[in-house]
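To keep things clear, I will list the structure first and then write my remarks on it.
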Amino acid sequence: MTLHKKSIALLLSGAFLSLAQPAFAQEDEQARRAILELRSQLKQSDMVRNDLASQVQQLQNELRQLRGQLESLGNVGQTQALEARANDDIGPSAQVGDPAEQRAYDAALDLFRAGDYAASSKALANFTASYPASPLAPSALFYEGSSRYANRDFQGSIKTLNEMLASYPKDPKAGDALLVIAGSQLELNNVAGSKATLERTIKEYPGTPAADTAKERLALY
């Protein structure tokens, strides 16, 4: 190649390079901006993720606190059925004239005393179904409701004890029945209902041991 031709080639090459440089520079700038934008989005995403994680942690902490409070109150409520089955509370079986009726009641109550709550709840329910007019019916309903509570059938306990209260509101165990209802409501996380039942116990059965217990438990809410 002659010197003249080489000179022309160099000039053309330089011209192409000078034309290409702005295009390359523009592409580099676009790439740089895209990278910066991506970094910004990633940073924002990390901030959102961290914020959500913080909120989740806070909610978990609050949930643990609420569970701890309910567990503390629940431990108080769980003693109600055990209190009811203490021999001093149950005492000797009431007596009726019909030997078959007496045997059915005694057998059911013996199951309760032995702590076989599933069996006692069924036996006591059978007793009230067989002897609805029995003078032992209110006690049978009370111990059936207490059996269901101790067996963690809280809805069944509430239903049975409400039946007792509706039919025998003046029974000596009526106030205690309300205490067991309050405990069942608490186990079902119905804190407002449990408090209302304790307040009802104080209002409807003032001066009774049940009312005194209700006051003590209300102080824990």
Side-chain angles (χ1 to χ4, degrees), residues 65-96 105-106 108-118 120-121 123-125 127-128 134-221:
Q65 291 176 357
L66 287 173
R67 283 176 176 170
Q69 293 172 1
L70 287 174
E71 183 178 355
S72 177
L73 290 172
N75 289 337
V76 175
Q78 286 173 359
T79 63
Q80 291 165 352
L82 297 178
E83 291 171 354
R85 67 170 282 230
N87 287 332
D88 289 342
D89 289 341
I90 297 174
S93 298
Q95 301 297 309
V96 293
Y105 178 81
D106 290 344
L109 202 60
D110 284 342
L111 292 170
F112 182 82
R113 289 191 179 101
D116 191 348
Y117 300 120
S120 65
S121 63
L124 290 161
F127 175 84
T128 53
S134 171
L136 300 173
S139 289
L141 286 168
F142 174 77
Y143 290 118
E144 179 192 345
S146 297
S147 295
R148 293 186 183 281
Y149 175 90
N151 205 38
R152 303 192 66 79
D153 177 13
F154 303 122
Q155 295 284 9
S157 177
I158 292 170
K159 179 176 181 295
T160 301
L161 293 172
N162 275 330
E163 290 175 3
M164 175 204 168
L165 290 167
S167 299
Y168 310 100
K170 302 299 183 181
D171 187 84
K173 295 184 180 66
D176 293 321
L178 283 174
L179 291 180
V180 180
I181 290 175
S184 295
Q185 291 170 320
L186 187 62
E187 294 287 354
L188 294 170
N189 294 330
N190 183 5
V191 178
S194 181
K195 290 176 66 175
T197 300
L198 292 174
E199 290 167 353
R200 177 185 169 188
T201 306
I202 297 168
K203 180 180 178 181
E204 295 186 7
Y205 303 97
T208 64
D212 294 338
T213 301
K215 291 177 183 177
E216 293 172 359
R217 287 173 183 164
L218 273 174
L220 297 174
Y221 283 72

Could you pull out the closest heavy-atom pair between [X] and [Y], with the gap in Å?
X    : Y    : value
S121 : A118 : OG-O, 2.9 Å
S134 : F127 : OG-CZ, 3.6 Å
Y143 : L124 : C-CD1, 3.5 Å
R148 : A125 : NH2-CB, 4.4 Å
G145 : V180 : O-CG1, 4.4 Å
T128 : A140 : CG2-CB, 3.6 Å

Short question: side chain of T208, backbone of Y205 - any donor-acceptor pair under 3.5 Å?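 Checked: pair present.
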So, the side chain of S167 versus the backbone of M164: is there a donor-acceptor pair under 3.5 Å, distance only?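 Checked: no pair found.
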What's the spacing between I181 CD1 and L186 CG if we round to 0.5 Å?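 Answer for the CD1-CG pair, I181 versus L186, is 13.5 Å.
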Tell me yes or no: between the side chains of S194 and Y221, is some donor less than 3.5 Å from an acceptor?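 Short answer, yes.
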With no hydrogens and no angle check, just 3.5 Å: does a side-chain donor-acceptor pair link S120 and S147?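 Yes - a donor-acceptor pair under 3.5 Å links their side chains.
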Using 30° and 60° as the class boundaries, would you call the ring planes of Y117 and F112 parallel, tilted or perpendicular?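 Answer is perpendicular, since the angle exceeds 60°.
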Tell me whether D176 is salt-bridged to K173, with the criterion being a basic N under 4.0 Å from an acidic carboxylate O.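 Salt bridge: no.
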NZ/NE/NH1/NH2 to OD/OE distance under 4.0 Å, K195 and E199: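 Not counted as a salt bridge, because no side-chain N and carboxylate O are separated by less than 4.0 Å.
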Under the side-chain contact (heavy atoms from CB on, under 4.5 Å) test against S184, which residue among D153, I158, L161 passes?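 So, applying the side-chain contact (heavy atoms from CB on, under 4.5 Å) to S184 and each of D153, I158, L161, only I158 qualifies.
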